[in-house]
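For reference, the structure discussed in these notes is given below.
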Amino acid sequence: MTHESAQNGLQKKGLDLYKNPMTKKDVETIVKNSLGPNYNIHNYYVKSYSNENLGFMGAHRNFVVEVSKEGSTQKELHTYFLKSVPYNVNDQAKFVKDSKMFYKETSFYNLIMPELMKNSKDKSWAAQCYLVKDDALVFENLIIKNYTMREKYLDVASLKAALSSLAKMHAASMLAEKRLGKSFLDMYPDLMEEILFSRKGPFAEFCQYGIDVLINVAKYLGLDHKVVSKLCNMIFEKIEPSKTRKNVISHGDVWSNNLMFSGSKCALVDFQIMRYVPPMVDVSQLIYHNAKKELRDKYEMNLLEHYYKVLCQVLENGGVDIPRFEDIVDEYEDMRIFGIVMINMYYQINQISGEKQLELMQTSEGFNSLLFRDRVDLVLELMEIDERYREIISSALKELVDVAPKYLT
């Protein structure tokens, strides 16, 4: 067999898995975990979730199962959320597997989430997972429970809902380690390795090209480009487990597409970049990524107070030392640079219009050009033709340059 025919065979196998990722046994597990044991399965199939590209590192679809209760002829349709390796785009699927992003998330749901949930009276901060496979995950369909994504920039009430969920997750991490008698880092050191911001990992090119964009855009805008690289490189230290601060299981990617809301409740989804770091890494990213500067300037301290209040409520009587609010504020100030750099790195890509993202992510060539090649020309071109995009990129970069005296003197 030639290399080309072998490659074609692997691609066909991947597409077959994409079209039909579930075995009958898998479906039985999903039904048993979500509905109970006494159901007969009549049919199941995959259907599209959205016309937009909602997942950079996974394929998002619905999984529909037709069942009936034992002893009944009445058939029921149940819809689940299916996240799988994106076998329909070869390079994207290869990267997701080679980078171990899907491995990190499946391991999270297999090993860590059960321990966190043992210490969570309120489990609404995350979607329930009914099936974990090496290349697919099946969750409850939050949309059926009236959960929706909100605007890319959140209001104060939505930010507080998201911070409540982060606080519950972080507190559950602290309580789980207390109960287990050791840290998650000690138990799963390989799983806690950083994926996104690594100088040698699979995202090294993504990071370097992102910094190159910021340097060139700073020159284009007449800003001090010499400080950009120094500021960006600071975050490689911030995302390491701290030797002096308390570390927790961290979501790692708390931007609006990974937050689902129903009233005052928020469910965190997508744990592919899960970390083990001080909690303010998550908090700084959430506030900077999802709040406009005017709102941050006015409500930042109020938002921190809300997070702290929920954290204390969960930790109360748990046998864990509750941090002082002053320490939370001090840690947040230390991690603020992480939030600022994150928006500058992320906005280059996730603030591109949905139509353009969909166009780029449909092919291996577009996927690579967006994430792992020089994207300076792409960003500058979009800034010229899209006023909204230009304003977002310019404002975030100006904010980064403006903090240089604080961090570089």
Side-chain angles (χ1 to χ4, degrees), residues 49-50 52 54-56 58 60 80-81 83 105 108-109 112-113 116-117 119-130 137 139-176 248-275 277 279-292 295-296 299-315 328 332 335 338-339 342-343 346 350:
Y49 178 77
S50 171
E52 293 187 35
L54 298 177
F56 284 107
H60 294 176
Y80 303 89
F81 178 73
K83 181 177 182 178
E105 187 164 29
F108 171 80
Y109 279 103
I112 295 176
M113 182 64 92
L116 298 183
M117 285 303 175
N119 292 96
S120 296
K121 292 181 180 179
D122 176 3
K123 304 180 189 301
S124 65
W125 56 265
Q128 292 188 59
C129 184
Y130 298 130
L137 293 155
F139 300 92
E140 64 177 319
N141 191 335
L142 290 172
I143 290 177
I144 294 175
K145 295 186 174 182
N146 298 317
Y147 279 81
T148 60
M149 287 192 299
R150 293 179 179 168
E151 298 296 325
K152 286 188 176 180
Y153 290 113
L154 303 177
D155 59 20
V156 172
S158 298
L159 287 165
K160 286 185 175 181
L163 285 167
S164 292
S165 293
L166 274 186
K168 291 169 187 175
M169 177 184 175
H170 295 162
S173 176
M174 296 178 194
L175 292 169
V248 296
I249 294 296
S250 162
H251 180 279
D253 199 18
V254 277
W255 69 298
S256 57
N257 271 29
N258 293 334
L259 306 171
M260 298 286 287
F261 295 92
S262 178
S264 62
K265 291 185 177 181
C266 173
L268 307 173
V269 300
D270 194 342
F271 289 85
Q272 286 182 316
I273 309 179
M274 180 267 299
R275 300 183 171 102
V277 290
M280 290 302 105
V281 171
D282 265 348
V283 173
S284 67
Q285 184 189 11
L286 189 147
I287 291 176
Y288 270 86
H289 209 138
N290 301 290
K292 291 185 176 180
L295 188 146
R296 278 190 274 114
Y299 292 102
E300 186 176 72
M301 191 57 61
N302 181 256
L303 293 171
L304 290 178
E305 289 170 348
H306 177 81
Y307 167 89
Y308 181 69
K309 178 182 177 182
V310 176
L311 184 76
C312 291
Q313 288 172 344
V314 179
L315 291 178
I328 292 289
Y332 181 80
M335 297 301 174
F338 181 84
M342 279 294 298
I343 60 174
Y346 270 41
N350 67 24

Tell me, with the steps shown, if L175 and V314 meet side chain to side chain contact (heavy atoms under 4.5 Å, CB included). CA-CA 9 Å; L175 292 169; V314 179; 4.1 Å; yes

Look up atom [atom1] in [X] and atom [atom2] in [Y], then write down how far apart they are to the nearest 0.5 Å.
{"X": "F81", "Y": "I144", "atom1": "CZ", "atom2": "CD1", "result": "12.5 Å"}
{"X": "M149", "Y": "S256", "atom1": "CE", "atom2": "OG", "result": "7.5 Å"}
{"X": "L137", "Y": "H60", "atom1": "CG", "atom2": "NE2", "result": "9.5 Å"}

Only counting residues at least two apart or in another chain, list the ones meeting side-chain contact (heavy atoms from CB on, under 4.5 Å) with [X].
{"X": "N146", "answer": "S262"}
{"X": "S173", "answer": "L116, F184, V248, I249"}
{"X": "K292", "answer": "Y153, E294"}
{"X": "S120", "answer": "M117, K123, W125, A172"}

Only counting residues at least two apart or in another chain, list the ones meeting side chain to side chain donor-acceptor pair (under 3.5 Å) with [X].
{"X": "Y299", "answer": "none"}
{"X": "N119", "answer": "R179"}
{"X": "H170", "answer": "D282, Y307"}
{"X": "Y130", "answer": "none"}

Listed pairs under 3.5 Å, donor-acceptor, residues 159-168 side chains, sequence neighbours left out:
residue : atom : partner : partner atom : Å
K160    : NZ   : N302    : OD1          : 2.9
S164    : OG   : K160    : O            : 2.9
S164    : OG   : H306    : NE2          : 2.7
S165    : OG   : C266    : O            : 2.5
K168    : NZ   : D122    : OD2          : 2.7

Is there a donor-acceptor contact under 3.5 Å from the side chain of H289 to the main chain of K152?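 Answer holds: no.
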
Between R275 (side chain) and G252 (backbone), is there a donor-acceptor pair under 3.5 Å?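 Flag set: sc R275 to bb G252 pair under 3.5 Å.
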
Under 6.0 Å between the ring centres of F139 and Y109?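 Under 6.0 Å, so yes.
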
Is the closest side-chain heavy-atom distance between [X] and [Y] below 4.5 Å?
{"X": "Q272", "Y": "D253", "value": "no"}
{"X": "M335", "Y": "V277", "value": "no"}
{"X": "N257", "Y": "N350", "value": "no"}
{"X": "H251", "Y": "L286", "value": "no"}

Under the side chain to side chain contact (heavy atoms under 4.5 Å, CB included) criterion, do N258 and L268 qualify, and how do the steps go? CA-CA 6 Å; N258 293 334; L268 307 173; over 6 Å; no

Salt bridge (Lys or Arg N to Asp or Glu O under 4.0 Å): pairs with one or both residues in residues 139-148, sequence neighbours excluded: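 Applying salt bridge (Lys or Arg N to Asp or Glu O under 4.0 Å) to every pair that reaches into residues 139-148, excluding sequence neighbours, yields E140-K145.
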
Minimum-distance pair of heavy atoms, taken over all atoms of I287 and Y332: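 For I287 versus Y332, the nearest heavy atoms are CG2-OH, 3.7 Å.
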
Nearest heavy-atom pair of M260 and Y147: which atoms, and what distance?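 For M260 and Y147, the tightest heavy-atom pair comes out as O-CD2, 3.4 Å.
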
Any chance NZ of K265 has more than 12 other-residue heavy atoms, nucleotides or ligands included, within less than 6.0 Å?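 No - once you tally the heavy atoms of other residues, nucleotides and ligands closer than 6.0 Å, there are 12 at most.
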
What do the steps show when you test I328 against V283 for side chain to side chain contact (heavy atoms under 4.5 Å, CB included), and what is the final call? CA-CA 10 Å; I328 292 289; V283 173; over 6 Å; no

D270: which residues meet the salt bridge (Lys or Arg N to Asp or Glu O under 4.0 Å) condition with it, sequence neighbours left out?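 Counting only residues at least two positions away or on another chain, D270 forms a salt bridge (Lys or Arg N to Asp or Glu O under 4.0 Å) with K83.
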
Using salt bridge (Lys or Arg N to Asp or Glu O under 4.0 Å) as the criterion, list what pairs up with E305, not counting sequence neighbours.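 With sequence neighbours excluded, E305 shows a salt bridge (Lys or Arg N to Asp or Glu O under 4.0 Å) to no residue whatsoever.
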
Would you call the rings of F271 and F108 parallel, tilted or perpendicular, taking 30° and 60° as the class edges?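 Because their plane-to-plane angle is under 30°, the rings of F271 and F108 count as parallel.
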
